[in-house]
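Worksheet: one structure, shown below.
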Amino acid sequence: MKTIKTTLTCVLALCFAACTHSPAPADRSMEDRVESLLSQMTTDEKIGQMNQISPWGEPTQIAESVRRGEVGSILNVVDPVALNALQQVAVEESRLKIPLITGRDVIHGFKTIFPVPLGQAASFNPQLVEESARIAAIEASSMGVSWTFAPMIDIARDPRWGRMAESLGEDTYLTSVLGVAMIRGFQGNDLSNPSSIAACPKHFVGYGAAEGGRDYASTFIPERTLRNVYLPPFEASVKAGAATFMTSFNDNDGVPSTGNRFILDQVLRKEWGFDGFVVSDWASVAEMIAHGFSKDGKEAVEKAVNAGVDMEMVSGLYVGHIKELLKEGKISMAIIDNAVRRILRIKFRLGLFDRPYVDTAAPSVLYAPEHLQKAKEAAIQSAILLKNEGGILPLADKVRTIAVVGPMADAPHDQLGTWVFDGDKNYTRTPLKTLQEEYGDRIRILHAPGTAYSRDKQTSGLPAAVAIARQADVVLAFVGEEAILSGEAHSLANLDLQGAQGELIAAVAQTGTPVVTVVMAGRPLTIEREAAASQAVLYNFHPGTMGGPAIIDLLFGKAVPGGKLPVTFPRTSGQIPIYYSHNNTGRPWQGNETLLDGIPQEAGQTSPGNTSFYLDAGNDPLYPFGYGLSYTTFEYTNLSLSSARIKASDELSVTFDIANTGKRDAVEVAQLYVQDCFGSVTRPVKELKRFMRIPLKAGEKKTVSFTLPAEELAFYNINMEKTVEPGEFNLWVGTNSREGLQAKFVIE
Ligand code: BGC
């Protein structure tokens, strides 16, 4: 039996080891260069550095603005020749020769598209996430991009919110670990390396808690929850050396983030010591007028600058108003100088002063074979097997005729997911094409999509799908969401499969041929009915360029699924918000309450159970956080703790055995959860504190050990102080947030 030991070598360790050193100590000579430059700048040139533009004007006008020093950054230009030309104007023709920093939303790949971040999160694999971001940086930087607006580390607990696709899921710890991994991938070991691009953790802060899941809506996150749940991934990003931050669109308890001095100045700069710069979100300074937080552009600028927003994205308001506000004494030159310092500092760290141009003669790295290979690996590790009745999967050797139905079987654009500005669908490999290419000579592959696209309500194609289902040994039903249904401003109230997809699955299932449902979507969908009608369900958050080969390898057993849900799946959207790490009520749901259909007429008032639950849906999710099956089975045994009583300064060592009790070699993501049973404030019923991917050969058993410093159990208490409170704790290790071995310990 093998033993795997983790101290801080486990996943989090990767992160927090990096996180424990503070941001790179400012290089003196670089700071001198910043100061020297700053001392030569006119007020207009300073304001210019704080101005980010998008290229919607005449190219010659843009060049002229750059020449006059009115622009610090440009976003959304990805033509390296055009960028070099603009950069040349900046560094050779402007008075102070300050290079532009060039931004782009490189969210889950540049040309080679990886699974959407929510999919990457399902891998629970920080190394893979880092490698994916590295490849994105290599490709993007080769086209002149020096700054990405990623990672998005908003805690996302509401799948109605379309931007959940861009998130790393509902959990604070998982998001912290994977967010740091992405930052490392983008920024590399050294920001000045030509293939490094500056990261921009976003959206600071609370954006994912949009009321009702409606994008841009208000949030109401009290300070304690902000500090315990929403801020930690951002703090970890600062410790990992993130170069920039982006504010969020939402107002939290009445204060838009772009005008929120508490979060930008007090928390980010004073408490965490962030020395990079903060950019607004797209026109979020101007949007403070629509919020009703500023009466006009001028007041919006006053609030944003004074709150600590260093660079303004696209509305041009800084250029229009800062000077006047300076004259009126409503903004101080010291604040402007600090903003400009931070922007120049990052430009120096990126090496832009020494290497402003992109090498247009270098051989192309776009869609390099190793990039595509890594994208396939990422798509494999991101897939989650939710159901596999009777071991219908893998299909290998079991089938002679396959019926392929559903609109996502051959949807090269849609399987890429949201935020794909640069990826080309012509490079996408779809499941249908892959199946035909790889198995077409051995297996009869029948194809009738049934519906043309996910929202298609037409049922005229269903009979053809049913006809091929009748002839087949198995139906592969590829359903889900088009890319346009998730992402920014794409919230949904109803999370059922769109269009006639539900009818399609019901119709093919009625033939009696077993159905394997493969979902590709940007969020959890409420697929209870479809899952019940299917023998197997393989869920993929939009898997990217190589989704097809990944899915086909999984279906045929060349690869074994090992992804775990980074977010809870509701049974119905009325259960939202539903997340595993909730606080308890005084009357917790017991699971034995009587639901609607079981309640007799004129039943006694309290007879169904007087607890906190939905009479119609109960409180159980369809699938819990951390859930995901494999083609093998795992058994957890022998949980032991180094001590049942520890001090707040101690480390707890948690040891257990895990065995692969099935017939396939596979990887299991072991998860460790803790509950602080009683506190000065109520605490979550469970919180993920460690996870580890454990490769196990069939029949193999390993001893696994996690080290958990008690200080990681600290939280913001009744006095808003971060403290480890003495008392009783529950601890679980297991295969998801619902199942596991349990132990108890006490902190003295
Ligand atoms: C989004 C940001 C994005 C920015 C620039 C905004 O609408 O909220 O996440 O980085 O646009 O494209």
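Keep in mind that this is a model prediction, so the values were computed, not measured. Whatever order the structure lists ligands and atoms in, that order sets their numbers, starting from 1. Computed over heavy atoms, backbone and side chain alike; hydrogens, waters and symmetry mates excluded.
Inspection of the Ser491 and Asp215 side chains reveals no N or O donor paired with an N or O acceptor under 3.5 Å. Using modelled atom types and a 3.5 Å distance limit, the side chains of Gln120 and His108 yield no donor-acceptor pair. Between Glu131 and Gln127, the side chains place a donor N or O and an acceptor N or O closer than 3.5 Å (distance only, hydrogens not considered). Side-chain contact annotation: Arg134 with Ser195, donor-acceptor N/O pair under 3.5 Å present. Residues Glu488 and Tyr216 have side chains that bring a donor and an acceptor to within less than 3.5 angstrom of each other.
Both tests hold for Lys303 against Phe293: distance to the six-membered ring centre under 6.0 Å, angle to the ring axis within 45°.
Considering both main-chain and side-chain atoms, Glu166 never comes within under 3.5 Å of ligand 1 through any nitrogen or oxygen pair. In terms of polar-atom proximity, Tyr207 is not counted as a contact of ligand 1, lacking any N or O under 3.5 Å from an N or O of the ligand. Residue contacts with ligand 1: Trp282 is placed with no nitrogen or oxygen under 3.5 Å of a nitrogen or oxygen of the ligand (distance criterion only). Polar contact with ligand 1: present for His203 (N/O pair, distance under 3.5 Å). Geometrically, ligand 1 and Trp419 share no nitrogen or oxygen pair separated by less than 3.5 Å.
In summary, the atoms of ligand 1 found under 4.0 Å from a heavy atom of Arg163, numbered by their order in the structure, are 1 (C), 2 (C), 8 (O), 9 (O). Shown in contact with Asp281 at under 4.0 Å from a heavy atom are these atoms of ligand 1, numbered in order with element: 1 (C), 2 (C), 3 (C), 4 (C), 6 (C), 7 (O), 8 (O), 11 (O). Counting atoms of ligand 1 from 1 in the listed order, those under 4.0 Å from a heavy atom of Lys202 are 2 (C), 3 (C), 9 (O), 10 (O). Each of the following atoms of ligand 1 lies closer than 4.0 Å to a heavy atom of Asp105: 3 (C), 5 (C), 10 (O), 12 (O). Close approach of ligand 1 to Phe149 (heavy-atom distance below 4.0 Å) involves ligand atoms 10 (O).
Ring orientation note: the planes of Phe277 and Trp147 are nearly perpendicular, at an angle over 60° on the 30°/60° scale.
Checked against the 6.0 Å centroid criterion, the rings of Tyr579 and Phe625 do not qualify as a close aromatic pair.
With a heavy-atom cut-off of 4.0 Å, Met152 does not touch ligand 1 at all.
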